[in-house]
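Both backbone and side-chain heavy atoms feed into the values below; hydrogens, waters and symmetry mates do not.
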Amino acid sequence: MNLKKHIYSVVLFILVVILTSWSWVKKPKMDLLNEVILPKPVSVIASGNSFELNAKTKIFVNGESKELLKIGHYLANFIKPATGFDLKVKSTVTMSNSNSIYLSISKLESEFGKEGYKLNISDKNVSISANSPEGIFHGIQTFRQILPKEIEAATKQKKSWFIATGEIHDYPQYEYRGAMLDVSRHFFKVEDVKKYIDMLAVYKLNVLHLHLSDDQGWRIEIKSWPNLTVHGGSTEVGGGTGGFYTQEEYRDIIKYAQERYIIIIPEIDMPGHTNAALASYPELNSSGEATELYTGIKVGFSTLDTNKDITYQFIGDVVRELSEMTPGPYIHIGGDESHVTAMEDYIPFINSVQEIVLANGKQMIGWDEIAHADLKANTIVQFWAGLKNAQKGIEKKAKVILSPANKTYLDMKYDSITKLGLNWAGYVDVESAYSWNPSALIPGISKSDILGIESPLWTETITNMDELEYMVFPRIIGHAEIGWTLDSLRDWNDYKFRLKKHLDRLKIMGINYYDPDVIFKNQQEAKE
Ligand code: TNX
């Protein structure tokens with residue numbers, strides 16, 4: 001009897017051992033090539049196995065770098081809500097041999113530059129290496145997209161977290177990959193801007209240009225000219241109460257963006273698009289009288305008086321305060337649609353403003369009209385509609401940022417039934433937003449002339465985050481891929497299927513996107 005019991009327990013023990021070790025080795029076979037990574041990486045090699053992220057996984061950073069530790073914590077914080085795992089983040093000198101995510105700065109080949117990375121996933125470890133922290137950060141965004149889509153959920157999910165193994169090598173084709181948000185026509189709160197920054201970071205964008213002033217509202221506190229925000233910031237399109245960022249809030253946005261490797265470019269539009277300033281200070285007007293606040297959506301009716309000394313004192317103060325608050329290298333001075341400023345006034349005005357920007361240690365960016373002025377070598381022209389202006393800019397040795405309205409303007413309607421948005425540059429559907437190559441866009445402008453691309457969202461008709469997301473997504477994902485991925489690796493037919501798969505992830509992220517199914521369906525119907 002006793003012997004029988006003994007045999008039973010031995011058999012049971014053996015069974016338990018077999019079963020547990022079997023479940024240990026039994027990791028699903030997974031194919032990294034099936035994963036959708038947007039923007040598409042330079043190379044992906046699959047090794048057919050899987051790695052399991054679990055409660056015991058540790059995040060190691062190589063060395064004592066505070067910045068890498070911060071990135072490690074960013075990753076741990078990202079992983080926590082959906083998994084419930086509280087991953088430890090630690091410094092180390094060597095890669096631990098199992099169940100870890102290892103972040104390290106190492107010397108990668110020169111093509112990886114500042115932003116490239118290598119991501120290696122084995123069945124035991126994940127390692128991300130790069131020449132600099134921004135590369136590690138971008139590698140984390142790729143790792144994020146390889147994790148099951150439920151990782152984007154805000155609450156704990158009941159599931160295991162296997163990811164496909166393999167190796168990814170990746171780096172961008174353009175150094176400047178941006179979005180612009182017009183917070184003047186409708187004001188967006190600090191929390192909204194941060195939310196937008198988080199969304200941009202997923203797709204490896206690295207610039208957020210804030211359009212901080214226009215006819216309808218002045219949105220950044222300037223301590224030496226307080227009425228700009230007190231009065232000039234008090235309304236918006238449609239007559240709402242507007243708003244503005246205090247300098248403290250603006251600094252807070254910058255810090256938040258910096259932690260996501262995004263630089264903020266502040267724009268103060270001039271000499272046109274200045275009604276909010278003209279309404280706040282009578283002395284800036286030729287008439288010496290303040291204008292009325294404006295809440296409509298017409299463009300091109302206002303101008304600073306380019307012949308008054310006070311105008312340059314005003315711009316000097318604004319650019320100085322902005323430069324002091326902005327660690328990034330650029331100040332954007334607008335310069336577009338100055339329809340009521342004579343060209344003989346416009347050119348010397350832009351020249352003087354350029355001097356002011358340079359004297360404050362910054363590089364000037366302006367919309368393509370600034371190409372009429374005498375551009376200094378490091379000034380940058382942002383193309384939006386004037387092909388000739390862009391070409392003139394290149395002749396004057398400027399670099400260009402590409403924001404072609406008929407491809408990148410996120411305020412253009414998708415089609416004739418889109419409720420939000422405008423259509424002066426035509427409809428911009430998901431395909432036309434994606435299917436173009438920067439270096440083939442403008443005759444005479446080649447890849448080396450192009451700093452990068454930027455997607456502006458003008459907000460005449462956009463009043464809140466739901467509306468913003470609907471116009472931005474998914475078009476901006478295509479723009480992000482244009483900026484990052486070599487043209488030779490991009491193809492609409494391949495992209496549209498990857499994008500379609502990715503939409504489920506956007507849904508879990510809680511992003512209110514436009515469903516391009518409408519487009520896929522229409523294409524289908526057209527074929528039939
Ligand atoms: C043109 S693009 C503008 C903006 C408008 C936008 C609307 C540019 C440099 N100026 O003032 O908001 O069109 O799409």
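- Side-chain contact between Val381 and Lys392 is absent, with no heavy atoms from C-beta onward closer than 4.5 Å.
- Applying the salt bridge (Lys or Arg N to Asp or Glu O under 4.0 Å) test to residues at least two apart or on different chains, the pairs with a partner in residues 174-192 are Glu115-Arg177, Asp182-Arg185, Arg185-Asp214, Arg185-Glu460.
- A distance of 11.0 Å separates CG of Leu499 from CZ of Phe473, quoted to the nearest 0.5 Å.
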query = Lys118 and Glu109: salt bridge (charged side-chain N to carboxylate O under 4.0 Å, His left out), yes or no, with the steps?
reply = CA-CA 10 Å; Lys118 288 184 183 176; Glu109 296 82 342; 3.3 Å; yes

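- Between Asp429 and Asp415 the shortest side-chain heavy-atom distance does not fall below 4.5 Å.
- Between Tyr281 and Trp225, the ring planes are perpendicular. Angles over 60° get that label, and only those under 30° would be called parallel.
- With hydrogens and angles ignored, the 3.5 Å screen pairs no side-chain donor or acceptor of Lys399 with any backbone N or O of Gly452.
- Here the NE2 atom belonging to His209 is positioned 12.5 Å from the OH atom belonging to Tyr330, to the nearest 0.5 angstrom.
- His211 meets the ring pair (Phe, Tyr, Trp, His ring centres under 6.0 Å) test with Trp458; sequence neighbours excluded.
- Side-chain contact annotation: Asp170 with Trp484, donor-acceptor N/O pair under 3.5 Å present.
- Proximity of Lys40 to Tyr495: side-chain heavy atoms (C-beta onward) are nowhere separated by under 4.5 Å.
- Between Ile394 and the choices Ile450, Asp449, Ile442, the side-chain contact (heavy atoms from CB on, under 4.5 Å) rule is met once, by Asp449.
- With ring centers used as reference points, His502 lies under 6.0 Å from Tyr203.
- Environment of NZ in Lys114: sparse, with no more than 12 heavy atoms of neighbouring residues, nucleotides or ligands closer than 6.0 Å.
- Considering only heavy atoms from C-beta on, Trp367 stays 4.5 Å or farther from Glu337 through its side chain.
- In this structure, a donor-acceptor pair under 3.5 Å is present between the side chains of Thr142 and Lys204.
- At a threshold of 4.5 Å between non-hydrogen side-chain atoms, the residues Phe497 and Lys501 do not count as touching.
- Screening Leu210, Leu468, Leu457, Thr463 for a side-chain contact (heavy atoms from CB on, under 4.5 Å) with Phe188, the sole residue that qualifies is Leu468.
- Residue Ser286 is tested with Thr303, Thr311, Asp305 for a side-chain hydrogen bond (donor to acceptor under 3.5 Å, both in side chains); the sole match is Asp305.
- Using a cut-off of 4.0 Å between Lys/Arg side-chain N and Asp/Glu carboxylate O, Asp215 and Lys298 are scored as not salt-bridged.
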inquiry  = Applying salt bridge (charged side-chain N to carboxylate O under 4.0 Å, His left out) to Asp252 and Lys255, what does each step give before you reach the verdict?
reply    = CA-CA 5 Å; Asp252 182 37; Lys255 182 164 167 281; 5.7 Å; no

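- The salt bridge (Lys or Arg N to Asp or Glu O under 4.0 Å) pairs that include a residue from residues 218-232 are Glu221-Lys223, where partners are two or more places apart or lie in different chains.
- The closest donor-acceptor contact from the side chain of Asn512 to the backbone of Asp466 lies under 3.5 Å.
- Here Tyr74 and Phe137 bring their ring centres to under 6.0 angstrom of each other.
- The residue from Gln363, Lys397, Met364, Glu355 that alone fulfils the side-chain contact (heavy atoms from CB on, under 4.5 Å) condition with Lys376 is Glu355.
- A donor-acceptor pair is defined here as one N or O able to donate and one able to accept, closer than 3.5 Å; such a pair exists between the side chain of Gln354 and the backbone of Asp374.
- Here the side chains of Leu108 and His169 are not in contact, with every heavy-atom distance at 4.5 Å or above.
- Aromatic ring centres of Tyr250 and Phe244 lie farther apart than the 6.0 Å criterion allows.
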